[in-house]
Amino acid sequence: MSAKAPSVGLVSGYLLRLARESIPLTQEGLAEALHLDVGTVQGWESGRRPLPHLRAGDHLDLRRRLALLGADPMLLAHSGAALDADRILAAVLDPPAETGRHPLAGWVQPRDSALLVAWALRGTPPPALAAHASRPRRGPARPGPLLPAADRARFFTNLRDTAERATADDHGRLLHRQALYLASYDTAPDAAAWSEQALRGMRPALGRRGHGPRSIEARTVATVAARQGDPDQLRHFISTALLDDEHGELANLAYWALWLGAMPADHTDDTFMHHPDPASWDPIRLYRALVSSFHLAPGTVDLYVHSISTLLHLHPWLPHAAPDAAQAFYTLTPQLLDGTLISPTSRRDLDRLRYGRIDG
C-alpha cells in the first residue's frame with residue numbers, strides 16, 4: 001500500500017465507513033443507494049480515492065444523502081474535522097515548499113480535528129466516537145484510521161523539521177505552536193527531550209504577568225509540561241496570566257471556546273484572544289464542553305477548575321440553563337476536594353462554587 005495516497009483520506013474515509021455502518025448498510029448497499037459503483041465507495045473508505053479530493057459541493061451532497069439514509073448525526077458532524085485532519089496529515093507527510101502554506105500556519109486548529117489527527121497517530125478514538133469505533137464487526141476490519149508505522153515515524157520526523165523551520169512572524173509562531181502540540185503525541189524515546197529543547201525559546205513568556213501577545217506561548221509551554229508530568233508551570237501560568245486579570249481570563253475562555261467548538265472555528269491566527277468578546281461564544285455549550293472534557297491529571301485539572309469558575313462568575317445562571325452539566329460538575333467536586341490533584345487555589349475555587357451552589 002502506498003504510504004502517501006491513503007494518508008490523504010485515511011480519517012475521512014474511516015469516518016464514512018462508520019457512518020455507513022450506522023445506517024446500517026454494506027458497501028454494496030451504500031453504493032446502490034447513492035447510485036455509484038461499489039469501487040467508488042471502497043476507494044473512499046480505504047483512502048485510495050481520497051474524500052478530500054471531492055469538490056465541496058459533492059462532499060456536501062454526500063453528507064446530506066447520508067443523513068437522509070439515517071447515518072448517525074454525531075458522525076456526520078465530524079465530517080468537516082475529518083477532512084481537516086486528513087489535510088494536516090497530508091501536509092506533514094508531504095510538506096509544502098513554503099511553510100506559510102502549511103495548514104498549521106493558516107488556521108487555529110480546534111479540538112475535534114486535533115483528536116482525529118491523534119487517532120491516526122495513536123490509535124485512540126475521540127471520546128465522542130469511541131462507541132462507534134468499538135462496535136463488533138464481521139470478518140477482518142481495520143480498528144481505526146491508524147497510520148502505518150513507517151508513516152507515523154515519517155510524520156513526527158517531518159513535524160519536528162517543520163517546527164524548527166517556522167519563522168518568527170505571526171503565522172510562523174502559530175505553525176510552531178501547533179506543531180509542538182501534535183509532537184506531544186510522539187512516543188519515541190527522544191520525544192520528550194526534543195520537546196523540552198523546542199519549548200525553551202518560549203519559556204520566557206511564562207514570567208510575564210497579565211495577558212500579552214505571548215500569553216498563548218506561555219499557555220503552550222505550561223500545558224505541554226503538565227502533560228509530561230510537571231503541573232507547576234501550568235499553575236504558575238494560572239496565577240500570573242489569568243488570576244485577577246480580566247483580559248487574561250476572557251482570553252482563556254475565548255481559547256477554550258474555539259478549542260471546544262463553542263464559537264466559529266474560522267480564525268487564521270491567535271488575535272481573537274487579544275480582543276476577546278464574550279458575545280462571540282455560546283456560554284452554555286462552553287460550560288457543557290468544559291465539564292464533559294475534564295482531564296483528571298495534575299496541573300491540567302487546575303486549568304479546568306479555574307476556567308469553569310471564571311465562566312460561572314461571568315454567567316451565574318448557567319447551572320439553571322444546563323442542569324446536566326451542573327450536576328456532573330457538582331458530582332465531581334467531592335472527588336477533587338478529597339484527592340491530591342488540585343492546587344490550593346483550585347480548592348478555594350471549588351469550595352466557593354460548592355457553597356454557592358445553584359441547584360438546577
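Note that the structure is a prediction, hence the values are computed from the model and not measured.
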In this structure, is the centre-to-centre distance between the rings of [Y] and [X] below 6.0 Å?
X	Y	value
Tyr181	Trp259	yes
Trp256	Tyr304	yes
His247	His274	no

So how far is it from [X] [atom1] to [Y] [atom2], rounded to the nearest 0.5 Å?
X	Y	atom1	atom2	result
Leu286	Leu314	CG	CG	10.0 Å
Thr162	His176	OG1	NE2	12.0 Å
Leu258	His267	CG	NE2	5.5 Å
Arg219	Ile238	CZ	CD1	9.0 Å
Leu129	Leu115	CG	CG	9.0 Å
Asp72	Leu66	CG	CG	11.5 Å

Over 12 non-hydrogen atoms of neighbours within 6.0 angstrom of [atom1] in [X]:
X	atom1	answer
Arg64	CZ	no
Glu246	CD	no
Glu32	CD	no
Arg285	CZ	no

Residue pair [X] / [Y], side-chain heavy-atom distance below 4.5 Å:
X	Y	answer
Leu353	Ser309	yes
Leu116	Pro126	yes
Phe155	Leu89	yes
His102	Val92	yes
Val108	Thr268	no
Leu260	Ser293	yes
Tyr287	Pro319	yes
His306	Glu249	yes

Examine distances only and state if a side-chain atom of [X] and a backbone atom of [Y] form a donor-acceptor pair shorter than 3.5 Å.
X	Y	answer
Gln178	Leu104	yes
Thr333	Phe329	yes
Asp190	Ala193	no
Asn158	Leu93	yes
His315	Trp317	no
Ser46	Gln42	yes
Ser22	Ala19	yes
His78	Met74	yes
Arg20	Leu25	yes

Heavy-atom pair with the smallest gap, counting every atom of [X] and [Y]:
X	Y	result
Asp86	Ser12	OD2-OG, 2.6 Å
Arg65	Leu34	NH2-O, 3.1 Å
Val301	Ile342	CG1-CG2, 3.7 Å
Phe272	Ala254	CE1-O, 3.5 Å
Arg48	Pro50	O-CD, 3.4 Å
Leu51	Leu83	C-CD2, 4.1 Å

| query | What's the verdict on side-chain hydrogen bond (donor to acceptor under 3.5 Å, both in side chains) for Thr240 and Arg208, showing C-alpha distance, side-chain angles and the deciding distance? | reply | CA-CA 7 Å; Thr240 57; Arg208 303 177 183 228; over 6 Å; no

Are [X] and [Y] linked, directly or through other ILVMFWY residues, by side chains that come within less than 4.5 angstrom of each other?
X	Y	value
Ile284	Leu312	yes
Trp281	Trp107	no
Leu60	Leu76	no
Leu332	Leu337	yes
Met273	Leu175	yes

| task | With Asp302 as reference, evaluate Arg347, Arg348, Arg235 under the salt bridge (charged side-chain N to carboxylate O under 4.0 Å, His left out) test and give the passing residue. | result |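 The passing option is Arg235.
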
| task | Begin from the C-alpha positions of Ser346 and Asp349 and carry the test side-chain hydrogen bond (donor to acceptor under 3.5 Å, both in side chains) through to its verdict. | result | CA-CA 5 Å; Ser346 294; Asp349 282 340; 5.3 Å; no

| Leu182 and Gln109: CA distance, side-chain angles, deciding distance, side chain to side chain contact (heavy atoms under 4.5 Å, CB included) verdict | CA-CA 11 Å; Leu182 291 180; Gln109 187 183 25; 4.2 Å; yes

| said: The test is side chain to side chain contact (heavy atoms under 4.5 Å, CB included); show your working for Thr223 and Leu234 and say whether it passes. | reply: CA-CA 6 Å; Thr223 52; Leu234 187 50; 4.0 Å; yes

| request: Decide whether Glu164 and Trp194 meet the rule of one side-chain donor and one side-chain acceptor closer than 3.5 Å. | output: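 Result is yes, a qualifying pair exists.
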
| query | Does a side chain donor of either Ser307 or Asn252 reach within less than 3.5 Å of an acceptor in the other side chain? | reply |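 Present: a donor and an acceptor within the cut-off.
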
| query | Mind checking whether Trp119 and Tyr14 have parallel, tilted or perpendicular rings, split at 30° and 60°? | reply |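 The arrangement is perpendicular - the two ring planes meet at more than 60°.
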
| message | Check this for me, if you would: do Arg152 and Asp186 make a salt bridge, where the nitrogen-to-carboxylate-oxygen distance has to be below 4.0 angstrom? | response |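 Salt bridge flag = no for Asp186 with Arg152.
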
| Check against salt bridge (charged side-chain N to carboxylate O under 4.0 Å, His left out), Asp269 and Arg173 | CA-CA 9 Å; Asp269 55 37; Arg173 285 194 290 270; over 6 Å; no

| request: For Trp44 and Leu54, run side chain to side chain contact (heavy atoms under 4.5 Å, CB included): C-alpha distance rounded to whole Å, both residues' side-chain angles, the deciding distance at 0.1 Å, then the answer. | output: CA-CA 10 Å; Trp44 285 344; Leu54 282 181; 4.2 Å; yes

| field | Positive for side chain to side chain contact (heavy atoms under 4.5 Å, CB included) with Leu350, one of Thr345, Val305, Ile308 | value |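 In the set Thr345, Val305, Ile308, the residue that makes a side chain to side chain contact (heavy atoms under 4.5 Å, CB included) with Leu350 is Val305.
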
| request: Test Leu336 against Phe294 for side chain to side chain contact (heavy atoms under 4.5 Å, CB included), laying out the working first. | output: CA-CA 11 Å; Leu336 294 173; Phe294 227 98; 4.0 Å; yes

